[in-house]
Every structure is written in structure tokens, then in C-alpha cells.
Amino acid sequence: MSLLHSCPACGGRALVPVWRVPSVPVHSCLMVESRAEALAFPRGRLEIVFCDECGFLFNAAFDPALERYSPAYEETQAFSPRFLRFLSELCEDQAKKYDLRDRLVLEIGCGKGEFLLALAERTGCRGIGIDPGFRPERLSAPALGRLTFVRDLYGPHWRALAPDYLACRHTLEHIGPVGEFVRTIRETLAERSDTVVMFELPDLRRILREAAFWDIYYEHASYFTAGSLARLFRRARFAVHALFRCYDDQYLVLEARPASAPTAPSLAIEDDLEETRALVFAFRSAVEAKLAALRAHIAAWQAKKKTIAIWGSGSKAVSLLTLLGLGAEIAAVVDINPHKWGRFLAGTGYRVCGPDELVVIRPDVVLVMNPIYLEEIDQALAARGLVPELVPMR
Ligand SMILES: [Zn+2]
């Protein structure tokens, strides 16, 4: 796979190398059934580069041919009460802004369908969800009768749908040719100038500010700040009318409507190119310092014979385990999603266990991959009579 030499968002050629990892598993949420299969999982490389023209960050070595999205993909966070509260707040926010009763909502990359179902229950909309990893048996609710789910990837063949509202959550970052993707969506909307598009995705600003290298992994080919995201939509003939951070500033939400021509910046949050340049410049040395500190912590815990567990078996954990080259140092990788229990993490070969197994493992230290879940993790441990030291990754 050759490297990309132009920016997939703006076509610019002023690309700056930022971060490089020669070998990482190509998936981190795909569950496999045996350790051998996990260890033999296909690998790719990260060649993270920054476009100095539009502020977009991407993996120039991303090869979509290596990706295998399927129903074995376990990305859902819907087993977390904190996450469900967030979904409900997001539906509430959208319901206040847009009258969606009996309107057609299209969700591209609907995952297991939790958001579309929650939106349908809250607003009375009809809906179509498209996702290669959809699992029909996971959902049940009265609003389900107004929804249709299709196992597919979105493309121009879905042009005839004519939605009133188009949602695309945590999907754009998995796509390499983001410019082409957003232009395709704009083209399928044609003259539908009232259709609202809502995109939600991780905010690169937080990753850069926190040197959160575990949030950069193969599944995510594309990384946006508020500004670079708005610039992409504006170039593709969308008028961006809302752009904000949510989920403790971890996510960005953009809302826009089709326009007849490219649009000019109008929101203060978009003006971030200088800040992004400075953060990108400082990123590599900040990550190296963080890696060194983590290695020292783990060595110190080991010297004291402490048992270490990781809470959260998603992409962040796979990324951390891969970069630190960890093996027997970690006694357990825990997840609250029961569909992951007893299965193995791609690339690293760790078996995922449920919280109940910690009663036997009795960890002294628990690394918390996403600090937003600290409170519920603390409660889950206390309910099992466990009081380990909790170390949030931030
Ligand atoms: Zn660019």
C-alpha cells in the first residue's frame, strides 16, 4: 500500500508527518474466538500526517481493503448507563431543534441501532438504518415498527431515499476518502435544502491536548477538529449552522443543511487552525513522555507484585496494549459488554472477561481507558467488594 500524498479532505499537498507506528492490528473492536486467531490478526501501519492547509489529520497508509466490518464488530457502548444517558440527551437536543414526527430519518453507520431507536421513540420519526454490523436481535421497543435496518455500506445506490434528517455518528472517522464521502452525501441530497445532516465523531483537539495516543488507531483513518470538520462540509456545499462539543468534550457534533455553493466560516469554534498546528507540533514529544511515564508506572507496580487490570476492551485498550508491547504484565482486560466475554482482542490476544471474574483476580490497580466511566466502574468494583487503585487514562 503506497502512501497518500494529498489530503483526502481538501486535496492539499502541504502534509506534515506527525506519528508513526509500523505495525498495529487493523481492527480493535472485532471480536475473535481464539487466542491464535487474535494473534494472527491482519496488521497495518499508522503513518499519521497533518494537512497544514485545512487542519485535517489522517493515516496516509490506511488501506480500506484490510477492513472487515461485520456483525462480529462490537463497538457498542450501550451497556453503560453513562453512555445511555448521553444518547438520550442527544436525542432530546435534536428533538428540540427539529420537528421529526413522521419524518424520514436516515442513519448511515447506525451500529446496533440504539440511537435511531431512541430518536424514533423520542420524536415519532420513521427511520432507515444502514450498517454492515447491524444485529436485528439486539433491539426491542414499540418504535421498532417504524424502522428498517439494512446490512450495507452507504453509497450512491441509496440516492432514492430522500431523507428529511440524515445522521452519521462515529462513522466518518472510519473512512479514508472523507472528501469523496461527504460530497457523495451532498450529491444524494440534491435539491433537498431542508434536510438536516448531523455528524458526530471524536474531537481531535482533545486527543492532541491530552497526548491520548491510545485514541489513534487503524480503524480510525481520519481525525477532525471542529474547524477541519466545518471546512470539509463547507467545501462540499453545506451550510453549517451548529457545531459543538459534548460527552466531556470527547465528541464533536456538526449540524448542517445543503447549500447551492461552498459556504464561508461563520462560527467562532471553526477558527482553530493556528491552535491545531501548535498542538500537532507538540504531539510527538508529549506522547513519548507519556509512554515513558506509563512504562515506569507499570514497572513499579510489577516490582511491588501488584496485579494490574484494564477496564475497557475497546480500541483504546488495544492501542495501549500494542504500543506498550504489554503481555503478562496485565492480568485481565475487563468489559461490561457480555457479548465480548470469553472472546479475544484482535492483535494482542487478551481474553476479555466480565467484571465478576475480578472477584477471583483481585486487581490492585485498574487502568480506566475512558475516565468518563470512572464513577460507574468504581461502583461496579465496590459492589463486588473490590477497592483497587483506579488510574484514569488521560
Ligand atoms: Zn487538507
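Ligands are counted one by one from 1 in listed order, and the atoms in each one are counted from 1 as well. We number each residue from 1, following the sequence as shown.
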Open item on the list: Within the supplied structure, the quantity of interest is the number of heavy atoms (other residues, nucleotides, ligands) at a distance under 6.0 Å from Asp249 CG; does it exceed 12?
Closed with: yes

- [ ] Would you mind counting protein N, O or S atoms that sit less than 2.8 Å from the Zn ion (ligand 1)?
- [x] 4

Task: Partners passing side-chain contact (heavy atoms from CB on, under 4.5 Å) against Asp152 (at least two apart in sequence or in another chain) - done: Ile130, Val150, His157, Trp158

Task: With Thr276 via side chain to side chain donor-acceptor pair (under 3.5 Å) - residues at least two apart - done: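 Scan of Thr276 (side chain to side chain donor-acceptor pair (under 3.5 Å), adjacent residues dropped) gives none.
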
TODO: Report yes or no: is the cationic atom of Arg351 (NZ for Lys, CZ for Arg) closer than 6.0 Å to the six-membered ring centre of Phe344, at no more than 45° off its axis?
DONE: no

TODO: State which residues pass ring-ring contact (aromatic ring centres under 6.0 Å, His included) with Tyr223; sequence neighbours excluded, sorted by chain then number.
DONE: none

Task: Result of checking Phe244, Phe199, Phe86 against Tyr251 for ring-ring contact (aromatic ring centres under 6.0 Å, His included) - done: Phe86

